[in-house]
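Data block below; observations after.
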Amino acid sequence: MSDKITLNIEGKTVDCPVITGTEGDKAIDIGKLRAATGYITMDPGFGNTGSCKSAITYLDGDKGILRYRGIPIEHLAEKSSFTETAYLLIYGKLPDRKEMDAFSSSFNEHSMIHEDMKNFFDAYPSSAHPMAILSAMVCSMSAYYPDMIKENPTKEDIDRIAVQLLSKVRTICAFSYKKSIGEPFVYPRHDLMYVPNFLNMMFASPTRPYKLVEEAVQALKVLLILHADHEQNCSTSTVRLVGSSHANLYASISAGICALWGPLHGGANQAVIEMLEEIHADGGDVQKYVAKAKDKTSGFRLMGFGHRVYKNFDPRAKIIKQKADELLNKLGIHDPLLDIAKRLEEAALKDEYFIARKLYPNVDFYSGIILKAIGIPLKMFPVMFAIGRMPGWIAHWKEMIEDPTTKIGRPFQIYIGSPSRDYVPIEQRG
Ligand code: SDX
């Protein structure tokens with residue numbers, strides 16, 4: 001394979017270098033195309049377009065491979081913790097004991113939100129979606145920590161904002177839940193690790209201590225690790241694009257939270273359970289819903305199915321399905337939605353429409369079963385995805401801002417509007 005391709009367009013030629021990644025992934029660098037030929041490329045949805053070089057996550061959609069900084073997610077899900085995985089993603093290596101202790105203890109230092117920020121919750125109706133609250137609160141952190149929003153943050157600044165966001169996101173999410181059910185806030189505790197601390201803030205109360213169930217803690221830990229990063233997905237690309245204007249990390253992450261909210265992206269875990277509940281209420285006829293998903297006029301999609309990259313299986317879905325089974329067995333829960341999900345998967349994977357389009361269960365198809373079993377309310381499901389993805393967003397923003405070749409993101413377009421025409425005074429308009 002040559003190290004470049006040469007394009008010849010209307011007599012103008014341009015040499016486009018070929019870039020080869022660690023795993024042999026290849027790209028054609030068209031950086032000179034427009035200047036040399038006047039042409040741009042067109043790729044709605046960016047299904048054929050790379051936006052950057054990155055050393056954070058590698059995934060192979062055909063082989064179902066997902067690695068964080070080269071380490072397979074199967075190893076991390078089994079052996080690591082969420083905070084250790086966050087350190088790996090952000091700093092590019094597993095921490096030694098001293099680094100891990102310092103990183104963990106800094107979570108305690110930054111677990112509280114500014115007391116004045118509690119007033120925000122009073123301004124929202126109890127029915128407010130927690131993703132609306134989360135994106136607003138994260139962006140508003142820039143008002144409470146103004147020294148952190150320099151155009152050129154130092155390494156120490158970024159380290160501090162990173163831990164602030166990782167630690168405070170739990171508190172903000174738990175407080176939004178408490179507000180929605182009219183219970184008093186439960187503050188973070190310094191004697192609890194990341195996941196137990198979050199669960200305690202969610203489910204303890206002054207009159208009702210929360211008994212941590214180890215199986216639930218482990219299942220949520222695995223879920224957060226599996227959501228921690230996924231290269232240039234919609235929300236991470238949003239964080240990078242917003243950050244490319246030198247917007248601060250709080251603002252960039254807030255934008256990422258909004259992108260994740262969409263039901264085609266991180267909002268799918270909530271939409272999957274809503275879909276399974278609809279099927280259950282309708283008698284559990286999965287074939288009926290497989291047929292609906294194939295009928296373009298129905299406007300119905302099998303939520304939790306399909307993926308832009310995975311065209312074989314989503315390795316995360318395999319692990320989550322197994323963890324869902326294990327957790328429900330250990331908790332003695334029989335959730336009819338899990339049976340429906342399994343029957344739906346089986347029916348779809350035998351159907352030519354899904355086979356031809358390589359549509360398989362994705363990370364969101366079974367994750368809601370675990371969240372439901374733990375007692376997380378449905379509207380909080382996308383928020384759990386945001387807590388999990390926080391390390392990935394931070395890692396990509398840091399990689400982007402530290403890359404001297406980063407330029408502000410500003411795509412072009414092909415104009416299809418009206419040709420030139422004169423202004424017509426309103427009296428003369430038809
Ligand atoms: C996440 O990018 C990431 O990495 C995302 C993520 C991450 O970790 O960040 O993995 C997390 O967002 C997972 C995806 C969650 N979303 C859903 O589960 C929503 C349902 N799935 C889709 O809407 C869809 O599959 C997408 C959005 C996930 C992918 O969309 P694409 O790649 O743009 O594919 P497409 O919409 O062009 O579909 C190709 C064909 C179409 O049919 P044809 O026009 O060829 O006849 O497949 C069909 C689609 O209609 N199709 C589906 C379907 N998904 C695609 N048909 C029925 N049900 C579905 N779920």
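Counting starts at 1 for both ligands and their atoms, following the listed order. Position 1 is the first residue of the sequence, and the numbers go up from there.
- By the salt bridge (Lys or Arg N to Asp or Glu O under 4.0 Å) test, K296 pairs with no residue at all, sequence neighbours left out.
- Taking 4.0 Å as the cut-off between side-chain N and carboxylate O, D229 and R67 do not count as a salt-bridged pair.
- Between H230 and H265, the ring centre distance reaches or exceeds 6.0 Å.
- In this structure, the side chains of L89 and T57 come closer than 4.5 Å at one or more pairs of heavy atoms.
- Between Y145 and R160 there is no side-chain heavy-atom pair separated by less than 4.5 Å.
- Between the side chain of K372 and the backbone N or O of L378 there is no donor-acceptor pair closer than 3.5 Å.
- Using a heavy-atom distance under 4.0 Å as the criterion, the protein contacts of ligand 1 are H230, N233, P263, L264, H265, A268, A293, K296, R301, L302, M303, G304, F305, G306, H307, R308, R316, Y353, R357, L359, N362, D364, F385, R389.
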